[in-house]
Amino acid sequence: MASPAAGVVVIVGSGLIGRSWAMLFASGGFRVKLYDIEQQQVTNALENIRKEMTFLEQSGSLKGSLGAQDQLSLISGCLNIQEAVEGALHIQECVPENLELKKKIFAQLDQIIDDQVVLSSSTSCLLPSQLFAGLAHVQQCLVAHPVNPPYYVPLVELVPHPETASATVDRTHALMRKIGQSPVRVLKEMDGFVLNRLQYAVISEAWRLVEEGIVSPSDLDLVMSDGLGMRYAFIGPLETMHLNAEGMLSYCDRYSEGMKHVLKTFGPIPEFSGATVEKVNQAMCLKVPADPEHLAARRRWRDECLQRLAQLKRQMPSQ
Ligand code: NAI
């Protein structure tokens, strides 16, 4: 059984992301209180977490040093927010992506929290300056944006409000490392943070290449899954530059003119509509029909691939 000293973490919102956070914090030995406005949501979440952890233990992929039963005993449901936050060291908000709803919840939490707890939002795209404006405890607030599915994709983007204390970011960084996640510090808030800006840059050029008839939708995806993506699971684009020549300076010396020539040919922001969306949709549906069963089966396969990749990354000696 984990030491109670590991502390209490509160999850506000027990949907897809709230459940994942609950499992991750329990894997690190933290007591987790799962709060939701819907009793049924909490009941479903606890049942879903139980099944998931049992499966993970059987398949040898359960995180942390505790067994599934011990981890499960650390997680409890809670329908009273005041009770939930008492003595907590970290609150992770995971309610739907709606600015007004989130602001309402932070205003409520601001009234009842002490000066020690960290107040963190899982938002994918709302800016800290919008979410935490005017809160008395703004120094204790930040965004900790996970990537789906967080249990297998460890990245967490930490994004401060301009008034967030550096100690808040440091504490959250340490906490994320403790539960096996891979936190990065986004130094200033920016639309899309970092991950989605990179993702949208890729999607944008992928769309233009298909729109201009340069490549088919299925071959476009192969360029990533059997090409760039293979190395990006281990090294980023900047290290790729460093390794693809005799170091970064040599890469820029050799390739910057060529890169700039290609970059100047990039087109405007696509509309993501019309004939191209028909064409891409048709190709995607040929591969994975867009009904709930096929989509769910493909997501399960994707998660299994990510699970094995995560295992491989853990096994690889670090240099
Ligand atoms: P979800 O819809 O699965 O879950 C939301 C939960 O919040 C539900 O259980 C709902 O009952 C609860 N809720 C609604 N109002 C509430 C209130 N006033 N107080 C307490 N609980 C309340 O949503 P999901 O997908 O888990 O997303 C949560 C957050 O995580 C969003 O901000 C989303 O942008 C972010 N996120 C989502 C990712 C994804 O792939 N789904 C990835 C990364 C971040």
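Values reported hereafter were calculated over all heavy atoms of this structure, with side chains retained and with hydrogens, waters and symmetry mates removed.
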inquiry  = How about CZ on R302, more than 12 heavy atoms from neighbouring residues, nucleotides or ligands closer than 6.0 Å, or not?
reply    = yes

ask   = Checking salt bridge (Lys or Arg N to Asp or Glu O under 4.0 Å) for the pair K102/E97: CA distance, chi angles, key distance, verdict?
value = CA-CA 8 Å; K102 287 190 193 274; E97 192 77 339; 3.8 Å; yes

inquiry  = Quick one, R231 and N244 - any side-chain contact, counting heavy atoms below 4.5 Å?
reply    = yes

key: Verdict with reasoning, V32 to L74, per side chain to side chain contact (heavy atoms under 4.5 Å, CB included)   = CA-CA 6 Å; V32 180; L74 289 171; 5.6 Å; no

message = Walk me through whether H137 and L119 qualify under side chain to side chain contact (heavy atoms under 4.5 Å, CB included).
response = CA-CA 8 Å; H137 294 92; L119 198 46; 5.5 Å; no

ask   = Would you call the rings of F25 and F30 parallel, tilted or perpendicular, where under 30° means parallel and over 60° means perpendicular?
value = perpendicular

key: Which residues share a side chain to side chain contact (heavy atoms under 4.5 Å, CB included) with S76, sequence neighbours left out   = K33

query = Can you tell if the side chain of Q140 reaches within under 4.5 Å of the side chain of I113, non-hydrogen atoms only?
reply = yes

message = With side chain to side chain contact (heavy atoms under 4.5 Å, CB included) as the criterion, how do R177 and Q181 come out once you've worked through the C-alpha distance, each side chain's angles and the decisive distance to 0.1 Å?
response = CA-CA 5 Å; R177 294 291 293 266; Q181 297 303 89; over 6 Å; no

task = Check whether any side-chain heavy atom of Q311 sits under 4.5 Å from a side-chain heavy atom of S61, and report yes or no.
result = yes

ask   = Got a sec: does the CD of Q282 have more than 12 other heavy atoms crowding it under 6.0 Å?
value = no

key: Q58 versus T54, side-chain donor and acceptor atoms under 3.5 Å   = no

ask   = Are more than 12 heavy atoms from other residues, nucleotides or ligands located less than 6.0 Å from atom NZ of K313?
value = yes

task = Check whether more than 12 heavy atoms from other residues, nucleotides or ligands sit under 6.0 Å from atom CD of Q41, and answer yes or no.
result = yes

ask   = Does Q69 CD have over 12 foreign heavy atoms under 6.0 Å away?
value = no

Chi angles and distances behind the salt bridge (Lys or Arg N to Asp or Glu O under 4.0 Å) call for E304, R308 = CA-CA 6 Å; E304 198 184 326; R308 297 219 195 155; 2.8 Å; yes

inquiry  = To check you understand the geometry: which heavy-atom pair defines the closest contact between Y255 and A245, and what is its length?
reply    = CE1-CB, 4.4 Å

request  = To the nearest 0.5 angstrom, please state how far the CG atom of D303 sits from the CZ atom of R300.
outcome  = 9.5 Å

ask   = Are L155 and M190 co-members of a hydrophobic cluster defined by side-chain heavy atoms under 4.5 Å apart?
value = no

Shared hydrophobic cluster, V277 / L209 (ILVMFWY, side-chain heavy atoms < 4.5 Å) = yes

inquiry  = Quick check for you: to the nearest 0.5 Å, what is the distance between S14 atom OG and I37 atom CD1?
reply    = 9.5 Å

query = Under the 3.5 angstrom rule, does the side chain of Q130 hit a backbone N or O of L127 as a donor-acceptor pair?
reply = yes

inquiry  = Can you tell me how far apart CD1 (I105) and OG (S121) are? Round to the nearest 0.5 Å.
reply    = 9.5 Å

ask   = Given the rule in the side chain to side chain contact (heavy atoms under 4.5 Å, CB included) test, do R254 and E246 qualify, once you have shown the distances and angles that lead to the verdict?
value = CA-CA 10 Å; R254 282 190 215 173; E246 297 312 310; 3.6 Å; yes

ask   = Is it true that D36 and R19 have a side-chain N and a carboxylate O under 4.0 angstrom from each other?
value = no

query = Any chain of hydrophobic side-chain contacts (each under 4.5 Å) joining V215 to I203?
reply = yes

ask   = Do D110 and K103 pass the salt bridge (Lys or Arg N to Asp or Glu O under 4.0 Å) test, and can you show the C-alpha distance, the side-chain angles, and the key distance before you say yes or no?
value = CA-CA 10 Å; D110 198 36; K103 278 176 72 170; over 6 Å; no

query = Any side-chain heavy atom of Q92 within less than 4.5 Å of one from S120?
reply = yes

note = Looking only at heavy atoms, the pair that brings M176 and L158 closest together is CG-CD2, 4.5 Å

task = Would you kindly confirm whether Y232 and V194 end up in one hydrophobic cluster when ILVMFWY residues are joined by side chain heavy atoms under 4.5 Å apart?
result = no

request  = Identify which one of L34, V85, I81 satisfies the side chain to side chain contact (heavy atoms under 4.5 Å, CB included) criterion when paired with V12.
outcome  = I81

remark   = Shortest non-hydrogen pair, S59 vs Q307, comes out as OG-NE2, 3.7 Å

ask   = Is it true that a side-chain atom of S73 and a backbone atom of D70 form a donor plus acceptor pair closer than 3.5 Å?
value = yes

inquiry  = On a heavy-atom basis, which atom in L62 and which in A68 lie closest, and how many Å separate them?
reply    = CD2-N, 3.4 Å

Same cluster (ILVMFWY, side-chain, under 4.5 Å), V153 and F234 = no

key: Heavy atoms of other groups near H173 NE2, more than 12 under 6.0 Å   = yes

key: Distance (rounded to the nearest 0.5 Å) between L56 CG and M53 CE   = 8.0 Å

query = So, S256 side chain and C252 main chain: donor-acceptor pair closer than 3.5 Å or not?
reply = yes

Nearest atoms (heavy-atom pairs only) where I179 meets W21 = CD1-CZ3, 4.1 Å

request  = Check whether any side-chain heavy atom of Q71 sits under 4.5 Å from a side-chain heavy atom of I75, and report yes or no.
outcome  = no

query = Got more than 12 heavy atoms from elsewhere within 6.0 Å of CD1, I269?
reply = no

inquiry  = What verdict does the side chain to side chain donor-acceptor pair (under 3.5 Å) test give for T168 and Q139, after you've listed the backbone C-alpha separation in whole Å, the side-chain angles of each residue and the deciding distance to 0.1 Å?
reply    = CA-CA 7 Å; T168 301; Q139 294 192 344; over 6 Å; no

request  = Could you walk me through whether Q39 and T43 pass side chain to side chain donor-acceptor pair (under 3.5 Å), step by step?
outcome  = CA-CA 6 Å; Q39 166 73 58; T43 309; 3.2 Å; yes

ask   = Do P150 and I17 touch side chain to side chain, with heavy atoms closer than 4.5 Å?
value = yes

ask   = Once you round to the nearest 0.5 Å, how far does CE of M284 lie from CZ of R298?
value = 10.0 Å

message = Any non-hydrogen side-chain atom of E93 less than 4.5 Å from a side-chain atom of V95?
response = yes

Closest non-hydrogen atom pair between V169 and L142, with its separation = CA-CD1, 4.1 Å

ask   = For the atom pair OH (Y151) and CG (L24), what is the distance rounded to the nearest 0.5 Å?
value = 6.5 Å

ask   = Checking N196 side chain against Q199 main chain: does a donor-acceptor pair fall under 3.5 Å?
value = no

request  = Evaluate the side-chain proximity of I235 to M241: yes if any heavy-atom separation is below 4.5 Å, no if none is.
outcome  = no

key: Qualifying salt bridge (Lys or Arg N to Asp or Glu O under 4.0 Å) pairs, either residue in residues 206-221, two or more places apart   = E205-R208

message = So does M248 get a backbone contact from the side chain of H242, meaning a donor-acceptor N/O pair under 3.5 Å?
response = yes

